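Lettering of chains follows the sequences in order, A, B, ..., and the numbering in each one begins at 1. It should be emphasised that the depicted structure is a prediction, and the values quoted were computed from it without experimental measurement.
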Amino acid sequence: MGQVRIPDAAERALSYPHELSGGMRQRVMTGMMISRSPDLLIADEPTTALDVTIQAQVLELLLDLRRRNQMSLLIITHNLGVVAEIADRVAVMYAGSIVEQADVFDLYERPLHPYTRLLMRALPRLAKGEGRLETIPGNVPNLVDTITGCVFHPRCPQRLPVCAVTVPRARPAGPARQVACHLLEADPT
Amino acid sequence: MTALLTLEAVKKYFPLRPGLLRRANRYIRAVDGVSLTVAQGEAFGLVGESGSGKTTLARLIPRLTPATDGKVVYAGQDLARASGREVTRLRRQMGIVFQDPASSLNPRATLRKSILRPLELDGIRGSEARERLDATVALVNLGAEVLDRYPHQLSGGQQQRASIARAIVLRPQLLILDEPTSALDVSVQAQILNLLQDLQGEIGLTYLIITHNLAVVRYMSDRIGVMYLGKLVELAPAAQLHARPLHPYTAALLSASPPANPRLRDRKRYPLAGDPPSLIAPPPGCRLHPRCPAAVDRCSREEPQLVLSGPGRQVACHRWEELTLTAVSREDRPLRVHER
Ligand SMILES: Nc1ncnc2c1ncn2[C@@H]1O[C@H](COP(=O)(O)OP(=O)(O)OP(=O)(O)O)[C@@H](O)[C@H]1O
Ligand SMILES: [Mg+2]
């Protein structure tokens with residue numbers, strides 16, 4: 001528990017979870033995972049409840065473990081800040097499908113899938129009163145509904161007739177990059 | 001500017017369980033003398049270290065937890081002195097939304113039931129209750145078709161809309177939002193933040209919003225308070241806090257906040273040394289001093305008080321006038337080509 005920075009660790013080891021702050025609970029979990037020095041560490045939202053200084057320490061810790069133990073890291077998160085901070089490669093999932101895979105720099109600087117582009121634009125980068133955030137029309141589909149064609153087409157502002165009919169296959173779009181979108185098949189940019 | 005909420009030197013100490021260390025009088029000082037005022041119609045953001053007492057502070061306001069010391073004054077009424085009936089009445093003027101919508105929605109009740117519940121407790125039934133339900137559901141853009149579903153049948157965004165609906169169905173003046181979007185993905189977060197901003201205009205809400213996401217707090221707040229280890233260390237209008245933090249902890253927080261741009265991953269940070277210290281025996285003097293890069297002798301001896309540092313700004317640091325902690329700017333960092 002020392003490694004993941006729990007103050008008063010000795011006393012706290014006897015605490016009940018509800019007495020720990022959200023952040024402490026998260027750090028205890030991380031401590032439990034890394035105590036087993038794995039080859040692959042899958043971290044599902046490893047820093048959600050943490051303040052950003054401790055988040056930075058946890059990310060640093062993960063990167064350090066990776067370097068020292070040659071460990072691979074698979075990070076699952078909806079925090080695009082964390083992804084930008086730590087990932088080499090990124091896969092973007094929507095409703096159960098990977099719609100785009102790219103090097104982290106390409107993804108942020110040149111998102112190709114319409115869903116990725118909209119996600120990047122929905123990030124709050126404004127101050128209060130400077131305008132509304134962009135949103136993606138509609139809602140994430142219920143996974144029990146079967147969608148024909150592209151999973152994103154019901155919400156896609158750029159959909160083509162083909163999108164409702166055929167599932168786009170993932171195709172290469174540059175080095176180490178794959179995008180599953182009919183737009184790119186029609187017009188490779 | 002009328003104050004809706006005033007906290008005066010509020011404290012919350014949790015006793016350590018007896019027998020744990022067999023030493024008496026040991027407390028977790030979760031909130032240790034916080035004073036602040038939230039104006040009617042204002043959006044006040046609260047940020048800070050994990051475990052610095054933000055959630056505890058939020059729970060003290062409607063007296064979900066009684067304060068150990070200090071005063072909570074809401075709409076001119078001292079909550080500690082109010083009678084049980086008064087507290088109930090005041091509580092109805094406050095809504096709370098938590099990070100985990102599951103904690104404000106009953107998993108075994110339909111949304112309709114969950115949202116009607118506060119009305120019921122308030123003695124509002126029948127057609128009036130139905131009208132209020134419909135109006136509230138429309139305000140949060142929740143489709144009427146989901147009202148007869150259970151929480152587990154909804155997406156995270158729908159659940160959070162439902163818990164906002166429940167929190168505002170009695171038309172409170174104050175809405176306390178504790179990490180309202182941290183369980184949501186970016187696109188749903190944007191919808192909820194837009195909704196909250198619309199609601200503020202439409203029904204004149206006052207917000208106390210707690211979050212670790214500094215981009216969210218900047219987008220949502222007029223003023224921001226920064227907490228470290230049970231204390232408020234800085235208070236400023238949102239734009240000024242981001243442009244020019246005065247407290248080293250604020251600077252550390254801002255520079256650690258990931259800017260969602262991989263080119264900035266090697267930006268200059270303002271790092272804090274070591275670990276977060278104990279809340280049971282907090283460091284003497286300034287609580288940040290063992291970790292503060294700017295600490296001098298005085299910091300370990302004398303506790304800095306929150307002082308006025310400019311119009312609408314307060315800071316608790318002995319050195320605020322000497323330090324220049326310009327926020328680590330996002331744009332002026334050199335681009336760097338990633339090495340594999
Ligand atoms: N019921 C309780 N009994 C004992 N200690 C508690 C209780 N509730 C909170 N604490 C302690 O009080 C301190 C402050 O907790 P709090 O949840 O207010 O922090 P927070 O600022 O909301 O943190 P986070 O950002 O991680 O959510 C922590 O040390 C926590 O363990
Ligand atoms: Mg909390």
- What's the shortest heavy-atom distance between A:Glu85 and B:Pro259, and which atoms? OE1-CD, 3.9 Å
- Shortest non-hydrogen contact from A:Tyr108 toward B:Pro262: CG-CD, 3.4 Å
- Applying a strict 4.5 Å limit to non-hydrogen atoms, the region of B:Ser155 in contact with chain A is neither
- Task: Identify which part of A:Leu59 has an atom lying under 4.5 Å from any heavy atom of chain B, answering side chain, backbone, both or neither.
- Result: neither
- Are side-chain heavy atoms of B:Glu49 and A:Thr53 found at a separation under 4.5 Å? yes
- So which part of B:Ala183 gets closer than 4.5 Å to some heavy atom of chain A, the side chain, the backbone, both or neither? backbone
- Task: Measure distances from B:Asp222 to the heavy atoms of chain A and classify the residue's part below 4.5 Å as side chain, backbone, both or neither.
- Result: both
- Message: Let me confirm one number: the CG-OG distance from A:Asp51 to B:Ser50, rounded to the nearest 0.5 Å.
- Response: 4.0 Å
- Message: As an exercise: rank A:Val82, A:Leu119, A:Thr77 by heavy-atom pairs under 4.5 Å with chain B and give me the winner.
- Response: A:Leu119
- Task: Please determine if A:Glu60 and B:Arg269 form a salt bridge, counting it only when a charged side-chain N lies under 4.0 Å from a carboxylate O.
- Result: no
- CG-CG distance between B:Asn261 and A:Leu80, expressed to the nearest 0.5 angstrom: 12.0 Å
- Are any of the side-chain nitrogens in B:Glu42 or A:Lys128 under 4.0 Å away from the carboxylate oxygens of its partner? no
- Report yes if the side chains of B:Pro258 and A:Gln55 come closer than 4.5 Å at any heavy-atom pair, otherwise no. yes
- Do B:Gln189 and A:Pro124 come within less than 4.5 Å of each other through their side chains, counting heavy atoms only? yes
- Query: Measuring from B:Asp185:CG to A:Tyr94:OH, what's the distance to the nearest 0.5 Å?
  - Reply: 9.0 Å
- Greatest number of heavy atom pairs closer than 4.5 Å to chain B - which of A:Leu107, A:Val83, A:Leu123: A:Leu123
- Message: Quick check for you: to the nearest 0.5 Å, what is the distance between B:Met220 atom CE and A:Leu126 atom CG?
- Response: 13.0 Å
- Task: To the nearest 0.5 Å, tell me how far B:Ser182 OG sits from A:Asn79 CG.
- Result: 10.0 Å
- Under 3.5 Å: donor-acceptor pair, side chain of B:Gln197, backbone of A:Gly129: no
- Trace of the side chain to side chain contact (heavy atoms under 4.5 Å, CB included) decision for B:Asp198 with A:Arg132: CA-CA 10 Å; B:Asp198 294 345; A:Arg132 284 173 76 75; 2.6 Å; yes
- Mind ranking A:Glu130, A:Arg125, A:Arg121 by heavy-atom pairs under 4.5 Å with chain B and telling me who comes out on top? A:Arg125
- Going by heavy atoms in the side chains, are A:Leu133 and B:Tyr219 under 4.5 Å from each other? yes
- Side chain, backbone, both or neither: which part of B:Leu253 has a heavy atom under 4.5 Å from chain A? both
- Name the region of B:Tyr249, side chain, backbone, both or neither, that has any atom closer than 4.5 Å to a heavy atom of chain A. side chain
- Please examine the side chains of A:His78 and B:Val188, heavy atoms only from C-beta on, and report whether any two atoms are closer than 4.5 Å. no
- Query: With chain A, which of B:Ala252, B:Gly157, B:Ser221 has the greatest number of heavy-atom pairs at distances under 4.5 Å?
  - Reply: B:Ser221
- Item | Min side-chain heavy-atom separation B:Arg265-A:Val104 under 4.5 Å | yes
- Task: Tell me, for B:Leu184 versus chain A, whether the close heavy atoms (under 4.5 Å) come from the side chain, the backbone, both or neither.
- Result: backbone
- Of the backbone (N, CA, C, O) and the side chain (C-beta and beyond), which part of A:Ala56 lies under 4.5 Å from a heavy atom of chain B, both, or neither? side chain
- chain A interface, residue from B:Val216, B:Asn194, B:Val186 that has the most non-hydrogen pairs under 4.5 Å: B:Asn194
